[in-house]
There are 2 protein chains.
Amino acid sequence: MTLDIVGDRWTLVILRDLHLGKRRFSQFLDSPERIATNVLSDRLAQMEREGLVAKSLYQDRPKRYEYRLSEKGEALLPVLQAMSRWANRFVPDSWTTPPEFLNRKTP
Amino acid sequence: MTLDIVGDRWTLVILRDLHLGKRRFSQFLDSPERIATNVLSDRLAQMEREGLVAKSLYQDRPKRYEYRLSEKGEALLPVLQAMSRWANRFVPDSWTTPPEFLNRKTP
DNA sequence: CGGTATCCTATGGGATACTG
DNA sequence: CAGTATCCCATAGGATACCG
(Lines give C-alpha, C1' and ligand atoms only; values in the text may rest on other atoms or scores of the structure.)
Protein backbone atom coordinates (compact mmCIF):
# COMPACT_ATOMS: atom_id res chain seq x y z
CA MET A 1 0.00 0.00 0.00
CA THR A 2 2.81 2.38 0.80
CA LEU A 3 4.21 1.49 -2.59
CA ASP A 4 0.92 2.29 -4.26
CA ILE A 5 1.11 5.77 -2.81
CA VAL A 6 4.75 6.75 -3.04
CA GLY A 7 5.33 4.66 -6.11
CA ASP A 8 2.70 6.56 -8.07
CA ARG A 9 3.85 9.73 -9.76
CA TRP A 10 0.48 11.45 -9.83
CA THR A 11 -0.19 10.79 -6.20
CA LEU A 12 3.18 12.33 -5.41
CA VAL A 13 2.38 15.39 -7.47
CA ILE A 14 -0.94 15.86 -5.73
CA LEU A 15 0.64 15.42 -2.32
CA ARG A 16 3.26 18.02 -3.13
CA ASP A 17 0.62 20.43 -4.37
CA LEU A 18 -1.47 19.95 -1.27
CA HIS A 19 1.54 20.63 0.89
CA LEU A 20 2.13 23.77 -1.10
CA GLY A 21 -1.35 24.87 -0.26
CA LYS A 22 -3.30 24.08 -3.40
CA ARG A 23 -6.77 22.85 -2.77
CA ARG A 24 -9.07 23.24 -5.68
CA PHE A 25 -9.45 21.04 -8.69
CA SER A 26 -8.29 23.53 -11.27
CA GLN A 27 -5.31 24.55 -9.21
CA PHE A 28 -3.93 21.07 -9.49
CA LEU A 29 -4.42 21.27 -13.22
CA ASP A 30 -2.14 24.28 -13.40
CA SER A 31 0.85 22.39 -12.07
CA PRO A 32 3.70 21.93 -14.51
CA GLU A 33 3.24 18.18 -14.68
CA ARG A 34 -0.07 18.63 -16.48
CA ILE A 35 -2.21 15.94 -14.98
CA ALA A 36 -5.30 14.99 -16.98
CA THR A 37 -8.69 15.74 -15.45
CA ASN A 38 -9.80 12.15 -15.30
CA VAL A 39 -6.55 11.10 -13.69
CA LEU A 40 -6.77 13.87 -11.14
CA SER A 41 -10.32 12.95 -10.33
CA ASP A 42 -9.38 9.32 -10.00
CA ARG A 43 -6.39 9.93 -7.75
CA LEU A 44 -8.23 12.30 -5.47
CA ALA A 45 -10.91 9.69 -4.98
CA GLN A 46 -8.34 7.02 -4.33
CA MET A 47 -6.50 9.18 -1.88
CA GLU A 48 -9.71 9.95 -0.12
CA ARG A 49 -10.42 6.25 0.21
CA GLU A 50 -6.94 5.74 1.56
CA GLY A 51 -7.51 8.43 4.13
CA LEU A 52 -4.80 10.72 2.85
CA VAL A 53 -7.11 13.46 1.73
CA ALA A 54 -10.35 14.88 2.98
CA LYS A 55 -12.63 17.15 1.05
CA SER A 56 -14.96 19.74 2.39
CA LEU A 57 -17.87 21.52 0.82
CA TYR A 58 -17.17 25.17 0.36
CA GLN A 59 -20.12 26.03 -1.83
CA ASP A 60 -23.54 24.55 -1.96
CA ARG A 61 -25.02 24.76 -5.37
CA PRO A 62 -23.51 23.60 -7.44
CA LYS A 63 -21.57 21.43 -5.05
CA ARG A 64 -17.98 22.56 -4.77
CA TYR A 65 -15.29 20.93 -2.70
CA GLU A 66 -11.82 21.68 -1.62
CA TYR A 67 -9.23 19.19 -0.67
CA ARG A 68 -6.83 19.04 2.20
CA LEU A 69 -4.47 16.56 3.69
CA SER A 70 -5.47 14.44 6.63
CA GLU A 71 -2.98 13.78 9.37
CA LYS A 72 -2.05 10.61 7.57
CA GLY A 73 -1.43 12.60 4.43
CA GLU A 74 0.48 15.28 6.28
CA ALA A 75 2.71 12.61 7.66
CA LEU A 76 4.04 11.98 4.17
CA LEU A 77 5.69 15.36 4.09
CA PRO A 78 9.07 13.95 5.16
CA VAL A 79 9.04 11.71 2.12
CA LEU A 80 8.48 14.67 -0.15
CA GLN A 81 11.11 16.71 1.60
CA ALA A 82 13.62 13.95 1.22
CA MET A 83 12.80 13.84 -2.48
CA SER A 84 13.24 17.57 -2.75
CA ARG A 85 16.58 17.56 -1.07
CA TRP A 86 17.79 14.81 -3.30
CA ALA A 87 16.47 16.56 -6.39
CA ASN A 88 18.07 19.85 -5.43
CA ARG A 89 21.37 18.16 -5.15
CA PHE A 90 21.35 15.87 -8.15
CA VAL A 91 18.81 17.09 -10.68
CA PRO A 92 17.96 20.67 -9.75
CA ASP A 93 15.39 21.19 -12.47
CA SER A 94 13.39 18.06 -12.01
CA TRP A 95 11.03 18.68 -9.17
CA THR A 96 9.23 21.75 -7.91
CA THR A 97 10.83 22.63 -4.63
CA PRO A 98 10.29 26.13 -3.37
CA PRO A 99 12.33 26.91 -0.25
CA GLU A 100 9.27 27.29 1.94
CA PHE A 101 8.49 23.69 1.15
CA LEU A 102 11.82 22.38 2.30
CA ASN A 103 11.71 24.51 5.39
CA ARG A 104 8.32 23.33 6.51
CA LYS A 105 8.37 21.82 9.93
CA THR A 106 7.27 18.26 10.15
CA PRO A 107 4.30 18.10 12.53
CA MET B 1 13.34 12.83 -13.49
CA THR B 2 13.07 12.59 -9.75
CA LEU B 3 9.48 11.63 -10.31
CA ASP B 4 10.48 8.89 -12.71
CA ILE B 5 12.61 7.39 -9.99
CA VAL B 6 10.61 7.79 -6.83
CA GLY B 7 7.31 7.57 -8.63
CA ASP B 8 8.12 4.13 -9.96
CA ARG B 9 7.31 1.23 -7.68
CA TRP B 10 9.87 -1.19 -9.08
CA THR B 11 12.68 1.31 -8.87
CA LEU B 12 11.77 1.85 -5.24
CA VAL B 13 11.81 -1.85 -4.53
CA ILE B 14 15.21 -2.24 -6.13
CA LEU B 15 16.57 0.72 -4.22
CA ARG B 16 15.34 -0.72 -0.98
CA ASP B 17 16.85 -4.09 -1.76
CA LEU B 18 20.17 -2.56 -2.63
CA HIS B 19 20.15 -0.67 0.63
CA LEU B 20 19.48 -3.91 2.38
CA GLY B 21 22.54 -5.32 0.78
CA LYS B 22 21.18 -7.44 -2.05
CA ARG B 23 23.28 -7.37 -5.13
CA ARG B 24 22.68 -10.25 -7.45
CA PHE B 25 19.98 -10.68 -10.00
CA SER B 26 18.27 -13.63 -8.41
CA GLN B 27 18.35 -12.06 -4.99
CA PHE B 28 16.10 -9.30 -6.22
CA LEU B 29 13.78 -11.93 -7.57
CA ASP B 30 13.33 -13.35 -4.10
CA SER B 31 11.85 -10.18 -2.71
CA PRO B 32 8.23 -10.38 -1.66
CA GLU B 33 7.08 -8.01 -4.38
CA ARG B 34 7.92 -10.58 -7.04
CA ILE B 35 9.34 -8.48 -9.80
CA ALA B 36 9.41 -10.11 -13.22
CA THR B 37 12.79 -10.85 -14.76
CA ASN B 38 12.31 -8.61 -17.75
CA VAL B 39 11.18 -5.75 -15.56
CA LEU B 40 14.12 -6.20 -13.23
CA SER B 41 16.50 -6.26 -16.14
CA ASP B 42 14.91 -3.18 -17.60
CA ARG B 43 14.96 -1.19 -14.37
CA LEU B 44 18.53 -2.08 -13.55
CA ALA B 45 19.59 -0.84 -16.96
CA GLN B 46 17.58 2.33 -16.53
CA MET B 47 19.03 2.95 -13.11
CA GLU B 48 22.48 2.39 -14.44
CA ARG B 49 21.89 4.97 -17.14
CA GLU B 50 20.58 7.36 -14.52
CA GLY B 51 23.72 6.84 -12.49
CA LEU B 52 21.94 5.37 -9.49
CA VAL B 53 23.45 1.95 -9.80
CA ALA B 54 26.80 0.62 -10.88
CA LYS B 55 27.56 -2.97 -11.71
CA SER B 56 30.82 -4.75 -11.40
CA LEU B 57 32.03 -7.96 -12.87
CA TYR B 58 32.55 -10.60 -10.25
CA GLN B 59 33.05 -13.55 -12.54
CA ASP B 60 34.47 -13.69 -15.98
CA ARG B 61 32.96 -16.48 -17.98
CA PRO B 62 30.18 -16.45 -18.24
CA LYS B 63 29.98 -12.77 -17.41
CA ARG B 64 28.41 -12.17 -14.02
CA TYR B 65 27.73 -8.86 -12.45
CA GLU B 66 26.70 -7.56 -9.12
CA TYR B 67 24.98 -4.32 -8.51
CA ARG B 68 25.56 -1.62 -5.98
CA LEU B 69 24.37 1.88 -5.38
CA SER B 70 26.37 4.84 -6.53
CA GLU B 71 26.64 7.87 -4.30
CA LYS B 72 23.68 9.31 -6.14
CA GLY B 73 21.72 6.18 -5.40
CA GLU B 74 22.85 6.08 -1.80
CA ALA B 75 21.60 9.60 -1.41
CA LEU B 76 18.06 8.34 -1.90
CA LEU B 77 18.18 6.47 1.36
CA PRO B 78 16.46 9.28 3.26
CA VAL B 79 13.48 8.98 0.94
CA LEU B 80 13.19 5.29 1.68
CA GLN B 81 13.60 5.85 5.38
CA ALA B 82 10.88 8.43 5.36
CA MET B 83 8.64 5.92 3.59
CA SER B 84 9.46 3.28 6.13
CA ARG B 85 8.71 5.48 9.07
CA TRP B 86 5.43 6.44 7.56
CA ALA B 87 4.57 2.84 6.75
CA ASN B 88 5.45 1.67 10.24
CA ARG B 89 3.10 4.20 11.66
CA PHE B 90 0.13 3.91 9.34
CA VAL B 91 0.24 0.61 7.51
CA PRO B 92 2.69 -1.62 9.35
CA ASP B 93 2.42 -4.56 7.01
CA SER B 94 2.84 -2.79 3.75
CA TRP B 95 6.52 -2.26 3.25
CA THR B 96 9.56 -4.26 4.21
CA THR B 97 11.29 -2.34 6.93
CA PRO B 98 13.74 -4.20 9.08
CA PRO B 99 15.02 -2.11 11.98
CA GLU B 100 18.57 -2.06 10.65
CA PHE B 101 17.24 -0.28 7.65
CA LEU B 102 15.63 2.49 9.61
CA ASN B 103 18.67 2.87 11.76
CA ARG B 104 21.10 3.22 8.92
CA LYS B 105 23.02 6.43 9.04
CA THR B 106 22.61 8.70 6.10
CA PRO B 107 26.06 9.26 4.56
C1' DC C 1 -15.36 26.81 -12.72
C1' DG C 2 -15.48 21.72 -11.11
C1' DG C 3 -15.81 17.82 -12.41
C1' DT C 4 -17.56 13.03 -14.99
C1' DA C 5 -17.70 10.09 -19.06
C1' DT C 6 -15.97 8.07 -23.14
C1' DC C 7 -12.84 6.75 -26.36
C1' DC C 8 -8.52 5.03 -27.75
C1' DT C 9 -3.82 3.89 -27.96
C1' DA C 10 0.70 3.09 -26.01
C1' DT C 11 3.02 0.56 -22.95
C1' DG C 12 3.88 -1.62 -18.66
C1' DG C 13 4.58 -5.73 -17.09
C1' DG C 14 3.26 -10.82 -16.24
C1' DA C 15 4.14 -15.47 -18.14
C1' DT C 16 7.00 -18.13 -20.34
C1' DA C 17 10.65 -19.77 -23.16
C1' DC C 18 15.34 -19.64 -24.29
C1' DT C 19 20.45 -18.94 -24.13
C1' DG C 20 25.25 -18.98 -22.14
C1' DC D 1 22.48 -19.09 -11.93
C1' DA D 2 22.06 -14.66 -14.79
C1' DG D 3 20.01 -12.80 -17.76
C1' DT D 4 17.53 -11.69 -22.76
C1' DA D 5 13.66 -12.18 -25.81
C1' DT D 6 8.95 -12.71 -27.11
C1' DC D 7 4.29 -12.68 -26.70
C1' DC D 8 0.23 -10.70 -25.27
C1' DC D 9 -3.22 -8.55 -22.70
C1' DA D 10 -4.89 -5.27 -19.25
C1' DT D 11 -4.95 -0.90 -18.03
C1' DA D 12 -3.09 3.68 -17.35
C1' DG D 13 -3.74 7.77 -18.84
C1' DG D 14 -3.96 11.50 -22.72
C1' DA D 15 -7.46 13.90 -25.56
C1' DT D 16 -11.68 15.42 -25.85
C1' DA D 17 -16.45 16.10 -25.17
C1' DC D 18 -19.93 17.03 -22.13
C1' DC D 19 -22.74 18.43 -17.94
C1' DG D 20 -24.34 21.19 -13.62
Side-chain angles (χ1 to χ4, degrees), chain A residues 1-18 20-50 52-69 94-96, chain B residues 1-18 20-50 52-69 94-96:
Chain A
M1 209 220 147
T2 306
L3 260 186
D4 299 327
I5 295 167
V6 182
D8 180 81
R9 60 184 300 111
W10 294 122
T11 302
L12 288 177
V13 166
I14 294 170
L15 284 171
R16 180 206 57 197
D17 283 356
L18 281 171
L20 290 174
K22 299 186 181 177
R23 325 180 140 195
R24 318 252 277 240
F25 201 83
S26 58
Q27 294 181 297
F28 294 113
L29 298 178
D30 294 336
S31 290
E33 290 85 6
R34 321 257 72 206
I35 190 172
T37 55
N38 57 336
V39 177
L40 175 57
S41 186
D42 177 82
R43 288 303 189 283
L44 284 172
Q46 236 176 252
M47 292 168 78
E48 209 188 334
R49 268 182 271 117
E50 284 159 335
L52 301 175
V53 159
K55 64 178 180 192
S56 39
L57 201 64
Y58 74 91
Q59 182 189 299
D60 226 22
R61 328 199 31 258
K63 303 279 191 194
R64 295 283 185 260
Y65 297 94
E66 54 185 12
Y67 305 88
R68 63 193 148 70
L69 292 174
S94 70
W95 178 246
T96 312
Chain B
M1 211 220 143
T2 306
L3 260 186
D4 300 326
I5 295 165
V6 182
D8 180 81
R9 63 185 295 111
W10 293 122
T11 301
L12 288 177
V13 167
I14 293 170
L15 284 171
R16 180 207 58 199
D17 283 357
L18 280 172
L20 291 174
K22 298 186 183 176
R23 326 179 141 192
R24 316 251 278 240
F25 201 83
S26 60
Q27 294 182 299
F28 294 113
L29 298 178
D30 293 336
S31 291
E33 291 84 5
R34 318 259 74 204
I35 190 171
T37 56
N38 58 335
V39 177
L40 175 57
S41 185
D42 177 83
R43 288 302 190 283
L44 284 172
Q46 234 176 253
M47 292 168 77
E48 209 189 334
R49 268 183 270 115
E50 285 160 334
L52 302 175
V53 159
K55 65 179 179 194
S56 38
L57 201 64
Y58 74 91
Q59 181 189 300
D60 223 24
R61 325 200 35 258
K63 303 279 190 192
R64 295 283 186 258
Y65 297 93
E66 54 186 12
Y67 304 89
R68 63 192 148 68
L69 292 173
S94 68
W95 177 247
T96 312

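In what follows, chains are A, B, ... by sequence order, proteins preceding strands, each numbered from 1.
A distance of 4.5 Å separates CD1 in B/I35 from CG in B/L40, rounded to the nearest 0.5 Å.
Contact between the side-chain N/O atoms of B/Y67 and the OP1/OP2 oxygens of D/dG3 is found at a separation under 4.0 Å. Here B/R43 reaches the OP1 or OP2 of C/dG13: one of its side-chain N or O atoms lies under 4.0 Å away. Remark: B/S41 is not in phosphate contact with D/dG3, judged by side-chain N or O atoms under 4.0 Å from OP1 or OP2. Using a 4.0 Å cut-off, no side-chain N or O of B/T37 falls inside it from OP1 or OP2 of D/dG3.
In this entry the distance linking CG of B/L29 with P of D/dG3 reads 10 Å, nearest Å. In this structure, A/Q27 atom CD and C/dG3 atom C1' are separated by 15 Å, rounded to whole Å. Remark: P of C/dG13 and CG of A/L3 are 12 Å apart, rounded to the nearest angstrom. Going from atom NZ of B/K55 over to atom C1' of D/dT4 covers 12 Å, rounded to whole Å. One interatomic measurement links the two molecules: CD1 of A/I35 to P of C/dG2, which rounds to 15 Å at whole-angstrom precision. Atom CG in A/L40 sits roughly 18 Å away from atom P in D/dT16 (whole-Å rounding). The CG atom of A/D42 sits 10 Å away from the P atom of C/dT4 (whole-angstrom rounding). The separation between B/Q46 atom CD and C/dT11 atom C1' is 13 Å, rounded to whole Å.
Ion pair B/E33/B/R16 flagged as a salt bridge, since at least one NZ, NE, NH1 or NH2 atom sits closer than 4.0 Å to an Asp/Glu carboxylate oxygen. Under the 4.0 Å criterion applied to side-chain N and carboxylate O atoms, B/R43 and B/D8 are assigned as salt-bridge partners.
For a distance-only test at 3.5 Å, the side chain of A/R24 fails to qualify as a donor-acceptor partner of the base of C/dC1. Between the base of C/dG14 and the side chain of B/N38 there is a donor-acceptor pair shorter than 3.5 Å.
Using a 4.0 Å heavy-atom cutoff across all strands shown, B/F28 reaches no nucleic acid atom at all.
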**Request:** Please lay out, stage by stage, how A/L52 and A/L18 fare under the test side-chain contact (heavy atoms from CB on, under 4.5 Å).
**Result:** CA-CA 11 Å; A/L52 301 175; A/L18 281 171; over 6 Å; no
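Among C/dG13, D/dA2, C/dC1, the nucleotide with an atom closest to any side-chain atom of B/V39 is C/dG13. Distances were taken from every side-chain heavy atom of B/F25 (C-beta onward) to each of C/dC1, D/dA2, D/dG14; the shortest belongs to D/dA2.
Of the two residues contacting DNA chain D, namely A/R9 and A/R64, the nearest-nucleotide position lying further toward the 5' end is that of A/R9. Nearest-nucleotide assignment on DNA chain C puts the 5′-proximal partner with A/K63, out of B/D8 and A/K63.
A cation-pi arrangement, defined by a distance under 6.0 Å to the six-membered ring centre and an angle within 45 degrees of its axis, is present between B/K55 and B/Y65.
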